[in-house]
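What follows is one structure encoded as structure tokens, with my remarks underneath.
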Protein chains: 2
Amino acid sequence: MISFTEENYLKIIYKLSAETDHEISTNSVAELTQTKAASVTDMLRKLSEKQLVSYQKYQGVRLTEKGENLALIVIRKHRLWEVFLVNKLGFNWDEVHEIAEELEHINSEELVQRLDEFLGFPQCDPHGDPIPDRNGRMPELGYKNLSEIGETQVVIMMGVSQHSTNFLQYLAKIGLNLGVIIEVIEINDFDKSLTIKIGGDNQYFISYEVAKNILVKTF
Amino acid sequence: MISFTEENYLKIIYKLSAETDHEISTNSVAELTQTKAASVTDMLRKLSEKQLVSYQKYQGVRLTEKGENLALIVIRKHRLWEVFLVNKLGFNWDEVHEIAEELEHINSEELVQRLDEFLGFPQCDPHGDPIPDRNGRMPELGYKNLSEIGETQVVIMMGVSQHSTNFLQYLAKIGLNLGVIIEVIEINDFDKSLTIKIGGDNQYFISYEVAKNILVKTF
DNA sequence: ATATTTTTTTAGATTAGTCTAAAATTTATT
DNA sequence: AATAAATTTTAGACTAATCTAAAAAAATAT
Ligand SMILES: [Mn+2]
Ligand SMILES: [Mn+2]
Ligand SMILES: [Mn+2]
Ligand SMILES: [Mn+2]
């Protein structure tokens with residue numbers, strides 16, 4: 001069997017792997033698990049024995065197919081529960097991440113299937129992240145980061161790629177909600193910050209850092 | 001903070017306390033937690049330090065008010081999740097106990113409140129067990145055990161006080177479902193076993209052991 | 001090419017929860 | 001009341017997950 005803790009490591013290695021095709025470093029895992037590098041080394045050896053990651057000391061780590069499948073199952077559960085919390089229980093999208101961090105470890109395939117059905121087989125979670133199907137296949141939603149959009153283009157906001165309460169509440173404050181129409185007015189060459197128009201109305205100035213974490217759909 | 005494991009001990013001590021007004025023995029706790037007496041002793045000392053139980057060595061254990069409140073919160077969560085699984089996800093009542101054993105440890109008051117509301121503030125779970133309110137007060141449902149009912153009396157089945165899959169599937173087989181009408185035809189003096197008529201139709205012979213675990217409402 | 005810095009691993013300890021085997025205490029039986 | 005039996009606790013050990021401090025390896029800078 002796989003423990004709660006092991007599942008968290010797999011999920012975090014998966015997330016880091018999405019951003020690079022190199023092996024993942026011990027330190028970067030330590031940062032996300034909020035543990036020390038020494039603890040990560042121990043866990044990597046254990047996961048490696050279970051054939052969930054391939055790991056050579058000093059060379060970083062990579063998920064095996066088996067490890068990736070398990071990671072995707074956990075992510076599927078996390079995102080389905082987030083949909084449940086928002087669509088059925090009426091939570092705000094900035095309130096659900098922590099609860100889903102617990103719910104994602106509940107162990108029952110039957111439960112996940114029935115939950116999926118109960119929610120109407122959603123394609124993405126309240127933050128716009130795609131939900132893997134029962135076989136771990138991620139639907140391709142084709143969203144882009146707002147930071148990749150050129151001047152004068154008009155897009156619809158579909159999600160975020162950062163879930164911290166801070167960030168989500170900042171977005172709410174300036175009116176960046178799911179489904180709003182965003183026009184890129186101007187991009188500052190120097191720091192890539194941008195001026196945008198939200199809903200054809202208010203004009204706002206946002207940093208590159210913020211834009212990078214906003215998912216949009218082009219027309 | 002209180003751990004998953006500690007919560008399970010509290011719940012089990014609560015359950016045992018309902019059947020007696022003596023202190024609870026180390027061995028009886030060990031049996032329900034599926035651990036050894038030595039492990040229970042360790043845990044009782046720990047719970048005692050946290051003021052969740054009162055415990056003197058060799059004298060058995062009893063919940064403090066604080067411990068009882070925590071136990072009731074866990075039981076509330078367990079039963080609400082069981083209602084969710086049956087009423088919303090369409091599980092059978094004999095399939096939900098194990099899953100609820102995991103869900104009951106999810107930590108969020110807000111979640112429990114919203115779930116309660118979403119379910120329409122149910123008074124009892126799919127097995128007929130009362131659901132404590134947010135303050136830990138158990139609704140008084142006034143159900144009796146079928147074993148206490150006299151000959152010729154007619155009652156409605158409202159629940160069970162034993163949740164094992166075995167038992168529930170046996171009930172399903174002979175047609176003892178929630179809401180059925182049961183007439184006590186004859187009680188055997190010797191072993192207290194009884195002959196009953198289910199739904200005005202089929203006549204069945206059931207043991208005292210079974211009757212003791214069936215909750216009924218009189219007219 | 002060395003030296004310095006950073007990253008990673010090892011060594012040794014700690015805490016929670018569990019176990020077995022032995023000792024202590026309580027309960028039951030003669 | 002003394003002995004036997006059952007229950008409970010202690011002692012000592014184990015595993016999972018973590019930590020700090022020191023050692024080893026890799027990356028970077030001179
Ligand atoms: Mn989340
Ligand atoms: Mn999400
Ligand atoms: Mn149950
Ligand atoms: Mn129940």
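To find a chain, count down the sequence lines: A is the first, B the second, and so on, and within it residues start at 1. Side chains included, hydrogens not; waters and symmetry mates left out as well; all remaining heavy atoms used.
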Discussion item. So, taking the atom named CD in B:Glu101 and the one named CG in A:Asn107, what distance separates them when rounded to the nearest 0.5 Å?
Written reply: 14.0 Å

Worksheet entry | Integer-rounded Å distance: D:dT15 P and A:Met43 CE | 16 Å

Worksheet entry | Pair listing, side chain to side chain donor-acceptor pair (under 3.5 Å) test, anchored in residues 132-147 of chain A, at least two apart | A:Asn145-A:Glu148

Worksheet item: Taking only N and O in the side chain of B:Thr41, is any of them less than 4.0 Å away from OP1 or OP2 of D:dT10?
Response: no

Item to complete: Write down the distance between CZ (A:Arg45) and P (D:dT15), rounded to a whole number of angstrom.
Response: 15 Å

Worksheet item: How is A:Thr5 classified with respect to the nucleic acid when contacts are heavy atoms under 4.0 Å: base, sugar-phosphate, or nothing?
Response: sugar-phosphate

Worksheet item: Between A:Asp129 and A:His78, does any side-chain donor sit less than 3.5 Å from a side-chain acceptor?
Response: no

Fill in: Value in whole Å for how far the P atom of D:dT18 lies from CG of A:Leu44
12 Å

Worksheet item: Which part of the nucleic acid does B:Thr35 contact within heavy-atom distance under 4.0 Å: base, sugar-phosphate only, or nothing?
Response: sugar-phosphate

Discussion item. What's A:Phe4 touching, base or sugar-phosphate or nothing? Going by heavy atoms closer than 4.0 Å.
Written reply: nothing

Discussion item. Measuring from atom CD of B:Glu31 to atom CG of B:Asn27, what distance do you get when rounded to the nearest 0.5 angstrom?
Written reply: 8.0 Å

Worksheet item: Of B:Tyr55 and A:Glu6, whose nearest nucleotide on DNA chain D comes first from the 5' end?
Response: B:Tyr55

Worksheet item: B:Asn27 has an atom CG; how far is it from atom C1' of D:dA6, in whole Å?
Response: 9 Å

Worksheet, complete the sentence: In whole angstroms, the gap separating C1' of D:dT15 from CD of A:Glu49 amounts to 13 Å

Practice prompt. Sort and list the pairs that fulfil ring-ring contact (aromatic ring centres under 6.0 Å, His included) and have at least one residue in residues 3-49 of chain B, not counting sequence neighbours.
Written response: B:Phe4-B:His105

Response to the item:
The nucleotide from C:dT18, C:dT9, D:dC19 with an atom nearest the side chain of B:Asp42 is C:dT18

Practice prompt. Summarise protein proximity over nucleotides 21-28 of chain C in one line of letters, 5' to 3': B for base, S for sugar-phosphate only, - for none, counting protein heavy atoms closer than 4.0 Å.
Written response: ---BSS--

Worksheet entry | Check: A:Pro122 and A:Asp116 side chains under 4.5 Å, non-hydrogen atoms | yes

Discussion item. So B:Ser39, base contact, sugar-phosphate only, or nothing? Heavy-atom distance under 4.0 Å.
Written reply: base

Item to complete: Measure from NZ on A:Lys36 to C1' on C:dA11 and round the result to the nearest Å.
Response: 17 Å

Worksheet entry | Distance, rounded to the nearest Å, where B:Glu31 contributes CD and D:dA6 contributes C1' | 15 Å

Worksheet item: Roughly, in whole Å, what's the span from CG in A:Leu47 to C1' in D:dA16?
Response: 12 Å

Worksheet item: Could B:Lys212 and B:Glu209 be called an ion pair, given the rule that one side-chain N must be under 4.0 Å from one carboxylate O?
Response: yes

